[in-house]
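Only one structure is covered here, and it is reproduced in the block below.
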Amino acid sequence: MYTYEHSVFLDAHKCTGCTTCVRRCPTEAIRIRDGHAVINEERCIDCGECIRVCPHKAKKAVCGKLDDMQRFKWKIALPAPALYGQFDNLDDVDYVLDGLRRIGFDEVYEVSKAAELVSAYTRQYLNTEGVRKPIISASCPVVARLIALRFPSLEENVLRLLPPMEIAAKQARKQALEAHPEWSPEDIGVCFISPCPAKASYVKNGFGDYQSQVDVVVSISDVYFQLINEMSRNEQPQALSESGMLGVGWASSGGEATALFNDNYLSADGIDHVNHVLDQIENGNIPPLDFVELNACTGGCVGGVLTMQNPFIAKARLQGLRRFLPVSCNFLPKEESYIPADYFYNELPEYEGVSRLSSNMAESMRMLANIQALRGRLPGLDCGACGAPTCRTFAEDVVRGNAKESDCVLTMREALRQYLAEKEESHDGTRADTADTVADGGAAGG
Ligand code: SF4
Ligand code: SF4
């Protein structure tokens, strides 16, 4: 049974059925039914694109609240590096970290610090013999789900290292328990401050066999105003930061790849570009590369739908901020020549039954033939009036039994036109016959 818990939802009262989101969803997960959008949960990858494009604000992300942390005795904040790009004239990350403590957290563990560890381990992994290249990063959870859903032949290429948020959660918990042996693990609460709904879904569901160590996810937009209030007090912050420009760079597209000190990489951002790149890798239509970094949001995590600022402005701010930072504060000890087993996860999410038409090969072939036949009969305009994004997806919906051929208004109009023409013809025929009969009768009677 399908049990994935999503973070992207529809407010049906606000939805006008305009089809904007239907056309933009990268996995063709949305249809219009009874006048409003419906999300197919098995296809949704929580990319947030529908939130970004809906002109009526009918799509929203559901995250936790800061109050959800009240149940814990020791509260740890994990700020995503994209948070630092939200503030104007920030020249010291400590203003943000200290601000988080002032709004109620006992401790802060930077995700950018964990990112530097992940970069160091990825450098090791790149030098491992026999790994399938290009290695594709799955730090953006949307990319991992997209590969599992649409490009399963690339699963072998996916780097199964836990993302920085997760490493940060593990390390923060460990440190807190070492510092406070009197507490049990349940006393410690870990809160990730997220730029996107995909990370909130990841925390709820884990990845296959791995369960997240994060307890609560709140959006950057939710903490922004409280934080800026504290930061504007202009008091000298406590020195807390332990990460450098490599870790902070993960907030923007290309930052993860740059931290590998290997120029043979590709980085792409924005869900359409990500889709195209994966398509080309699958078709073998790319030069030999070592590493591929993909971010579903434009500009990288700074472009997440739960942030406050324009991604390009946030990126420019981070460039300025990074000038004041050391290169990295987190290199691995020289003797550490292997990646700890608990830094890996084993499975990607499964989409059994979604991408395949049927579990029976003969039945799949029959359905495919029916889809192709129906596509031939459809106008091919991809107008969206049927509630599906394209005529091809509409044909698939009909063959799967999720729509009726008559839902296509153009097919319906053509059928109606033909019917009326036939009716007219038979009416004319009847009139002519009647006229002949009358004429014949008249002649006979005359
Ligand atoms: S974009 Fe989608 S959710 Fe928003 S109003 Fe249009 S159909 Fe409804
Ligand atoms: S979150 Fe992304 S995948 Fe899910 S319905 Fe919206 S656009 Fe489609």
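Just follow the structure's listing: the first ligand is 1, and inside any ligand the first atom is 1. This one's a predicted model, so the numbers in the text were calculated from it and none came from an experiment. Atoms considered below: every heavy atom in the structure, side chains included; atoms not considered: hydrogens, waters and symmetry mates.
- Contact annotation: His36 places no N, O or S atom under 2.8 Å from atom 8 (Fe) of ligand 1.
- Residue Ile30 does not touch ligand 1, judged by heavy-atom distances below 4.0 Å.
- Judged by distance alone, the side chain of Thr128 and the main-chain N or O of Val131 form no donor-acceptor pair under 3.5 Å.
- Counting atoms of ligand 2 from 1 in the listed order, those under 4.0 Å from a heavy atom of Pro26 are 7 (S).
- Looking from atom 2 (Fe) of ligand 1 to the surrounding protein, the closest heavy atom is Cys21 SG, 2.2 Å.
- Atom 4 (Fe) of ligand 2 has an N, O or S atom of Cys44 closer than 2.8 Å.
- Counting atoms of ligand 2 from 1 in the listed order, those under 4.0 Å from a heavy atom of Thr27 are 3 (S).
- In Lys59, the part holding a heavy atom less than 4.0 Å from any atom of ligand 1 is the side chain.
- Contact annotation for Leu10 and ligand 1: only side-chain heavy atoms (C-beta onward) come within less than 4.0 Å of the ligand.
- In this structure, the protein non-hydrogen atom closest to atom 4 (Fe) of ligand 1 is Cys54 SG, 2.2 Å.
- The contact set between ligand 2 and Glu49, taken as ligand atoms under 4.0 Å from a residue heavy atom, comprises 7 (S).
- Closest to atom 6 (Fe) of ligand 1 among all protein heavy atoms lies Cys18 SG, 2.2 Å.
- The protein non-hydrogen atom at the shortest distance from atom 8 (Fe) of ligand 1 is Cys15 SG, 2.3 Å.
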